[in-house]
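Reviewing the structure listed below.
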Amino acid sequence: MTRRRGGRETPLGPPRHRALLGLLLIRLGHVVPTDQLAEELWSGAPPRRPAATLQTYVSHLRRSLAPDSAAEGARLLRFQAPGYVLALDPEQVDARRFEDLVAQARRCADAELLRSAYDLLTAALGLWRGSPFLGLTSYAPLAEESSRLEQRRLTAVESYAEVCLALGQPDAVVARLGPEARHHPMRERLIGHLMTALYELGRQAEALQLYERTRACLAEELGVDVGAELQRVHTRILRHELTVPPHARGTEAGAPVAHLGHPVGHLSGDDGSRDSAVGRPPAPPGDAPTVTPPREARSFVGRERELAALLRLTGDALHGAGHLTAVVGDMGVGKTQLIAELVARLQETGQEVVCAQSYAGEGVPAHWMWSQILRQLALSRPESFREATACHAGAPHSPLLEPPSGPQSSQTRFLLQDAVCVTLTALSSERPLVLVLENLHLADGPSLDLLRLLRARLHGSRLSVLVTVSDSSSHEEPVRGEDLSGKLSDILGDPGTRTMRLEGLSEQATEDLIAAQVGAGVDIRVVRALHRRTLGNPYLLLQLLSMLGTTKSLHDHGVVRALLTEVPPDLRKRLSRRLAALPARTRRVLEVCAVLGAEADLGTVKAVMEEGEHTAAAVDSAVRGHLLTASAQRPGVFSFASVFIQETLLGELDPDDRNRLHARAAQLR
């Protein structure tokens, strides 16, 4: 929050002075009682003389608002029993001007005046200079207003994209929505507009890549698939049927700005979130209504320390401490959200961040991950990119932007990888650069080779490389017919690679996440039970919460018992597919462990299996695949990495077979 006078920003004093101004500003023109101000400023622990302290703050703010006239300051911020009122002209407040401009844009859209709507939305978005009430969100009313304004801004950005598409300006949509998509990777309406714009620019591959990344993010963070409308956009792109229709009139009742005939249909509510507070698809007519959360459902909780560490590392790279950092953890533990929050913070400071995603599907060319990086840099730094790659033009390993198809000699491949390393380090020497490579465990062999080559050149550079790696996928068979675990282990095990391992959320963070989804006030015993059952894994927690019908359900003992005994359907399907892909002996060992209970020792498993020769190897395979966990205190004792794995196995086991295993285990006890 700043004040501009004569084109220059003037100081408003320390945080609590600015907080007082903010509390009055969000109630512009209305009297705010002194008791209420004291409660909001000091959270129930006011100083000995709060009224006198408030008067001191008010005197300071009056001088800041009108330094040349005490009378004018008293007029703008005056006492009016039982409190104070801020009497600024709404036109002097950017937030008010912003909302007025987007309202005017809605009226222009209703009248099909697209150019006027475009101008008004451009002016409205131009008023933004960072997050509202930055540094003051520890004050609850300001945090709520900051969140509200941010949602209004995102809706305006989406409406701006709709207008640009209708006016035939997809390049403007890509420029505006590219950074927003990285910051809000699950905002499907925004993603749909960006995919449409990319397709209109002939960048079909990038549009499809964006869709896959959104689908992966929704699956990992919320355990859901993309919505029907975004799926239709994806299908139309694949069939080359996507066209941007002419502007259609109509607004969504109650929305802060019009939904201006966007080509992908309505994907979201006013805040762009999915229709459910816990990430479920919208319920069909007649179903119980879903819960509207009291604040943004995707609150960032429990990873503040890790975020601070990553921010320090990327900050060190500004001074030549280039690094490779791997964020490692099980599926759903929060790697994607941590990286998304980091990217958002870095972009707010003006730091350039380039993101890429690895895929394991058929037809993905070698070096695809690096091709994504280079394409983005060619757009964001066209002149510098041309200069950095000039020495490679016409060489047998060019072009850099298109990964060569077909077989290559090892020398040609190495020269290509070397050229990419030279390009990246040259660009980072000009301006610091952060690369984010997600799902490195799905990368192809050449991409891993290139990363190993680049890692050796990071020392002294201004290049930060962040990668995410899932432990949960290490049990899977090689997708491309080659075992890349050695190359990946080499990268992660190198002394120069910093590794950040994410574990489950703490009990307090679990409580905060539950509150963000269904509201505060959930019994602490329920919170603890959910924390024990999910081991603090956000994905598993959200899967359980997705079974709720209403907020009140967490106060219903029957519903809570169900949450603590059932496996959510989506999670059960995912686990069933994973278990079905296991070798028969490994699957059988897991079934025996499931029958034996929460813990099993290797000796008992061998005895029940009646074939000890290969049992130990199968158990070891299950441990490496993060299905079983070995006890650190008791050698030879194992437990399931998640209770959901055990329950899925028991649910799929033939009842007669299960009884036989039970009987055999009972004989051994």
Side-chain angles (χ1 to χ4, degrees), residues 328-333 441 469-479 481-490 492-493 501 503-504 532-535 537 540 565 567 571-669:
V328 182
D330 287 336
M331 183 274 295
V333 80
H441 53 279
V469 182
S470 176
D471 278 338
S472 309
S473 60
S474 60
H475 69 285
E476 297 175 356
E477 292 298 317
V479 178
E482 57 175 329
D483 186 359
L484 303 177
S485 58
K487 292 184 178 182
L488 185 59
S489 297
D490 177 66
L492 299 180
R501 180 167 293 279
E503 305 293 348
R532 285 194 302 271
R533 184 161 173 79
T534 63
L535 300 179
N537 184 296
L540 299 179
T565 57
V567 180
L571 179 59
R572 186 184 295 276
K573 291 177 184 177
R574 181 188 289 264
L575 289 174
S576 293
R577 289 195 301 268
R578 181 177 175 184
L579 293 168
L582 294 173
R585 184 173 284 106
T586 303
R587 170 70 182 248
R588 189 57 174 173
V589 162
L590 289 171
E591 290 172 345
V592 170
C593 290
V595 168
L596 290 175
E599 289 185 339
D601 67 85
L602 183 58
T604 303
V605 175
K606 286 181 177 180
V608 173
M609 291 280 292
E610 296 181 341
E611 49 170 307
E613 182 181 353
H614 302 290
T615 300
V619 169
D620 186 56
S621 175
V623 171
R624 289 198 310 273
H626 297 269
L627 296 167
L628 291 178
T629 301
S631 171
Q633 289 77 31
R634 292 177 294 166
V637 175
F638 304 89
S639 59
F640 282 95
S642 165
V643 68
F644 299 110
I645 300 173
Q646 180 186 12
E647 292 172 4
T648 299
L649 285 161
L650 290 174
E652 295 182 353
L653 197 57
D654 178 79
D656 292 338
D657 190 16
R658 183 170 55 193
N659 290 336
R660 282 194 296 270
L661 291 176
H662 270 301
R664 197 176 301 161
Q667 292 174 356
L668 298 172
R669 289 172 179 167

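Keep in mind that the numbers below use all heavy atoms, side chains included, and drop hydrogens, waters and symmetry copies. Numbers here are sequence positions counted from 1.
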Qualifying salt bridge (Lys or Arg N to Asp or Glu O under 4.0 Å) pairs with a residue from residues 634-649, counting only residues at least two apart or across chains: Arg533-Glu647, Glu599-Arg634

Heavy-atom pair with the smallest gap, counting every atom of Arg578 and Gly625: NH2-O, 2.5 Å

Ser576 side chain vs Arg572 backbone, donor-acceptor pair below 3.5 Å: yes

Heavy-atom pair of closest approach, residues Asn537 and Gly332: OD1-O, 3.0 Å

With sequence neighbours excluded, residues passing side chain to side chain donor-acceptor pair (under 3.5 Å) with Asp601: Thr604

Inter-residue atom distance Met331.CE - His626.NE2, 0.5 Å rounding: 12.5 Å

Residues which pass side chain to side chain donor-acceptor pair (under 3.5 Å) with Arg501, listed by chain and number, not counting sequence neighbours: Asp471

Test log, rule side-chain contact (heavy atoms from CB on, under 4.5 Å), inputs Leu582 and Leu627: CA-CA 11 Å; Leu582 294 173; Leu627 296 167; 3.7 Å; yes

side-chain contact (heavy atoms from CB on, under 4.5 Å) between Leu661 and Arg658, worked out: CA-CA 5 Å; Leu661 291 176; Arg658 183 170 55 193; 5.8 Å; no

CZ on Phe644 to CG on Leu575, rounded to 0.5 Å: 9.0 Å

By salt bridge (charged side-chain N to carboxylate O under 4.0 Å, His left out) - contacts of Arg532 (at least two apart): none

Expected output: side-chain Asp490 to main-chain Gly486 donor-acceptor under 3.5 Å: no

Contacts of Leu535 that satisfy side-chain contact (heavy atoms from CB on, under 4.5 Å) - sequence neighbours left out: none

Close side-chain approach of Leu590 to Ile645, heavy-atom, < 4.5 Å: no

Closest heavy-atom pair and its distance - Ala641, Thr629: CA-OG1, 3.7 Å

Atom pair CG (Asn659) and CZ (Arg664), whose distance is rounded to the nearest 0.5 Å: 12.0 Å

Closest approach of Val589 to Ala618 (non-hydrogen atoms, all atoms of both residues): CG2-CB, 3.6 Å

Set of side-chain contact (heavy atoms from CB on, under 4.5 Å) partners for Ala594, sequence neighbours left out: Phe640, Gln646, Leu649, Leu650

Residue pair Arg660 / Val595, side-chain heavy-atom distance below 4.5 Å: no

Minimum heavy-atom distance between Val605 and Ala600, given as atom pair plus value: CG2-CB, 4.0 Å

Any donor-acceptor pair under 3.5 Å from Asp330 side chain to Gly504 backbone: no

With sequence neighbours excluded, residues passing salt bridge (charged side-chain N to carboxylate O under 4.0 Å, His left out) with Arg587: Glu591, Glu652

